[in-house]
Amino acid sequence: MPQPKHDLASLFNAASDLAGRTFAELAAQQGLRVPNDLRRDKGWVGQLLEGALGASAGSQALQDFPDLGVELKTIPLDANGKPLETTFVCTTPLIDIAGLNWESSNVRNKLQCVLWIPIDGRREIPLHQRTVGTAFLWQPSAAEEAQLRADWQEHMDKIALGQVEQITAHQGEVLQLRPKAANSRVLTDAIGPHGELIQTLPRGFYLKTQFTGQIIRTVFNI
DNA sequence: TCGTGATCATTC
DNA sequence: GAATGATCACGA
């Protein structure tokens with residue numbers, strides 16, 4: 001285990017030092033074995049980096065480094081530096097949402113300061129050979145936050161109106177709503193069309209790849 | 001069961 | 001090829 005990070009600079013330095021390291025190296029340091037692929041270990045790389053940097057929040061609904069107000073996100077890139085996957089932000093509240101607003105939302109809290117760590121997502125490269133990229137800190141610009149806020153508000157309005165089952169991943173410019181569950185049979189409470197309680201699939205907020213791709217391009221001057 | 005870490009795999 | 005809806009693992 002690394003030293004707990006007490007300030008942003010040492011966290012960022014530690015993350016920067018991971019650039020170029022292979023997943024095999026980082027796994028060995030933590031006594032982990034590298035799976036052959038990610039089919040049954042989808043979160044493995046994310047947890048590998050959490051371990052390497054001493055993230056503490058576990059599965060709580062908190063930022064990864066609550067003391068620093070920093071969220072850690074790995075983002076898999078292809079050979080051209082484009083994101084291969086959307087980025088999960090947090091689960092979506094579906095009930096007791098009357099008083100929620102953007103300022104106090106979990107989405108805003110998580111995205112206020114993100115330590116992005118690009119990783120090699122190319123499936124044709126054996127997992128143990130893939131490497132960590134150059135970490136960077138990001139805070140949404142005013143324009144980016146406005147986009148996030150507008151999408152969040154639109155989704156939450158539909159949920160409040162009992163229209164959660166009408167929301168598809170096509171909606172939202174930068175922030176989409178998609179299932180987030182063990183499988184499609186999982187159910188949770190939500191508001192129905194007439195204000196009653198219904199059972200529906202749990203949802204999560206995800207950043208679209210176009211949005212994260214733009215962040216990557218800006219940071220690396222591509 | 002929920003929230004965390006996400007990617008898979010089929011469809012578009 | 002990109003994107004959506006489905007899925008996998010684990011800890012509390």
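Owing to the predicted nature of the structure, the values given are computational and were not obtained by experimental measurement. Chain naming here is simple, since letters A, B, ... match the order of the sequence lines and numbering starts at 1 in each. Any value given below was found using the heavy atoms of this structure, including those in side chains, with hydrogens, waters and symmetry copies removed.
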Considering every strand and a 4.0 Å limit on heavy-atom distances, what is the contact class for A/L187: base, sugar-phosphate, or nothing? sugar-phosphate
Base, sugar-phosphate alone, or nothing: which one does A/A182 contact when heavy atoms must sit under 4.0 Å apart? base
Distance check needed: [N] [atom2] versus [X] [atom1], whole Å only.
X      : N     : atom1 : atom2 : value
A/N36  : C/dC8 : CG    : P     : 18 Å
A/E165 : C/dG5 : CD    : C1'   : 14 Å
A/R185 : C/dA6 : CZ    : C1'   : 9 Å
A/F211 : C/dA3 : CZ    : P     : 15 Å
A/L94  : B/dG3 : CG    : C1'   : 13 Å
A/L201 : B/dC2 : CG    : P     : 11 Å
A/L207 : C/dA3 : CG    : C1'   : 15 Å
A/R203 : C/dT7 : CZ    : C1'   : 15 Å

For A/E124, is there an ion pair with A/R130 - N to carboxylate O distance below 4.0 angstrom? no
Taking NZ, NE, NH1 and NH2 as the nitrogens, is one of them in A/E145 or A/R108 under 4.0 Å from a carboxylate oxygen of the other? yes
Under a 3.5 Å cutoff, is there a donor and acceptor pairing between the side chains of A/D151 and A/Q147? no
Counting just side-chain N and O atoms, does A/Q176 come under 4.0 Å of either OP1 or OP2 of C/dT4? yes
Answer yes or no: does a side-chain N or O of A/T168 lie under 4.0 Å from OP1 or OP2 of C/dT4? no
B/S/- contact track for nucleotides 5-12 of chain B, protein heavy atom under 4.0 Å: BBBBS---
What is the minimum heavy-atom distance between A/F136 and A/P118, and which atoms define it? CE2-CG, 4.2 Å
Across all chains, not counting sequence neighbours, the salt bridge (Lys or Arg N to Asp or Glu O under 4.0 Å) partners of A/D37 are A/R39
Checking A/K73 side chain against A/F88 main chain: does a donor-acceptor pair fall under 3.5 Å? yes
Identify every side-chain donor-acceptor pair in residues 41-48 of chain A under 3.5 Å, counting partners at least two apart or on other chains, and give the distances.
none

